[in-house]
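To start, the structure under review is shown below, and the notes come after it.
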Amino acid sequence: MTVDRFIETRQAAWDRLEALVRKADRGRVWRLSEPELAELDRLYHRTAADLARARAAYPDLVPYLNRLVSGAHHVIYQPPSQGMRGVWRFYRDEAPRVVLRTWPFWSVAVGLLAAGFAVAFAVGGSDPQALRAFVPDFFEEVVERVEAGRAGPDVVREQAPYLTSAVLTNNLRVAMLAFGGGILFGGLTAYVLVLNGLMLGAVSAVFHQYGLAFPFWSAILAHGFLELTAIVLAGGAGLVIGWALVAPGMHTRKDALVVRSREGGRLLAVTVPLFVAAAVIEGFLSFFPGDNATKLAVGVLSEAVFVIYVLRGRVPPAARPAG
């Protein structure tokens, strides 16, 4: 093969590799999507093979290909040094796109959580005692007071100091289990999501039966919209990992797990500010005196802000106003 023919057949791949390296330069690997990361890895190995061939047959191409392969190697194997600026750029630009890209996975997580909730709520209508198996320990005292008829609309608020800590701890544990459960082909993730839905359905059914549904939901959903969103996103992150093992595609399961774990990790990172915001709302509003309608409004508004933030991911960063 002549050098001109060699260049003609390889130039498109070299140009694409150079574009990906430029996009991820200066520690900005987070700007690459999961398909782009896989493409970068594939083009790097292909160009490295071209470099070896050029050394033997086309020495004039060696400096160019060596620079290209070295740049790709640096992006792939060198740990990025982003600092707080990189974190800010991730949440500003990449995080919304991660949520949009992974919608099939967190949508399944929503379905699993909703299925557990629906089953527990339906069972509670016909056999209230059957719910006790799913009521979390930290709600046990509250539920007992409701069932004993010693509770008014402020029953949840009276338990505020204990419930605030217990609910947040439980939901963080659920999120971590939902994410980590992906390594078991997503099975543990699915189980955790359904179980959490069962617990929420069981507790809400008890309050509904005793006419305390509105006080309960106003306290829970003030922070619960964001907290439940964080849980289903963590579940979606776990399912991303699980799907890599179930359907690795053209990769080995090991390689697919490495690539998709990056995407799952990005999605999990989106849950961090959600949990922080939910904790602030929970600590200062959810279980304390206040108008129930106001609490619900805060929950709806906070979720609306997050949805708008995610929809920003539909607009390429270059097309947004500077700032």
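Aromatic ring orientation, His73 versus Tyr44: tilted (interplanar angle from 30° to 60°).
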May I have the list of side-chain donor-acceptor pairs in residues 253-261 shorter than 3.5 Å, sequence neighbours left out?
| residue | atom | partner | partner atom | Å |
| --- | --- | --- | --- | --- |
| Arg253 | NE | Leu245 | O | 2.5 |
| Arg253 | NH2 | Leu245 | O | 3.4 |
| Asp255 | OD2 | Thr252 | OG1 | 3.3 |
| Arg260 | NE | Glu34 | OE2 | 3.4 |
| Ser261 | OG | Leu257 | O | 2.5 |

Under 3.5 Å, sequence neighbours excluded: what are the donor-acceptor pairs made by side chains of residues 303-310?
| residue | atom | partner | partner atom | Å |
| --- | --- | --- | --- | --- |
| Glu303 | OE1 | Thr229 | OG1 | 3.0 |
| Glu303 | OE2 | Thr229 | OG1 | 2.8 |
| Tyr309 | OH | Tyr91 | O | 2.4 |

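Under the 4.0 Å criterion applied to side-chain N and carboxylate O atoms, Arg46 and Glu39 are not assigned as salt-bridge partners.
A continuous path of hydrophobic side-chain contacts links Leu100 to Leu274 [ILVMFWY only; heavy atoms under 4.5 Å]. Residues Leu301 and Leu221 do not share a hydrophobic cluster, defined by chaining ILVMFWY side chains whose heavy atoms lie under 4.5 Å apart. Tracing side-chain contacts under 4.5 Å through hydrophobic residues (I, L, V, M, F, W, Y), one never reaches Val98 starting from Leu311; they form parts of separate clusters.
In this structure, the side chain of Thr189 engages the main chain of Gly182 through a donor-acceptor pair within 3.5 Å. Judged purely by atom type and a 3.5 angstrom limit, Ser70 has no side-chain atom pairing as donor or acceptor with the backbone of Arg67. Side chain of Arg10 to main chain of Thr47: no donor-acceptor pair is present (N/O by atom type, distance under 3.5 Å, no hydrogens or angles).
Within a 6.0 Å radius of CH2 in Trp243, other residues, nucleotides and ligands contribute 12 heavy atoms or fewer. No more than 12 heavy-atom neighbours from other residues, nucleotides or ligands sit within 6.0 angstrom of OH on Tyr191.
Atom CZ of Phe121 and atom NE2 of His208 lie 4.5 Å apart (nearest 0.5 Å). With rounding to the nearest 0.5 angstrom, the CD1 atom of Ile220 is 11.0 Å from the CG atom of Leu296. Note that the NZ atom of Lys23 and the CG atom of Leu20 stand 7.5 Å from one another [nearest 0.5 Å]. Atoms CG and CG, from Leu200 and Leu113 in turn, are 7.0 Å apart once rounded to the nearest 0.5 Å.
Side-chain contact between Arg55 and Leu65: absent, with no pair of heavy atoms (C-beta onward) separated by less than 4.5 Å.
Legend: residues meeting salt bridge (charged side-chain N to carboxylate O under 4.0 Å, His left out) with Asp41, ordered by chain and number and at least two apart, are absent.
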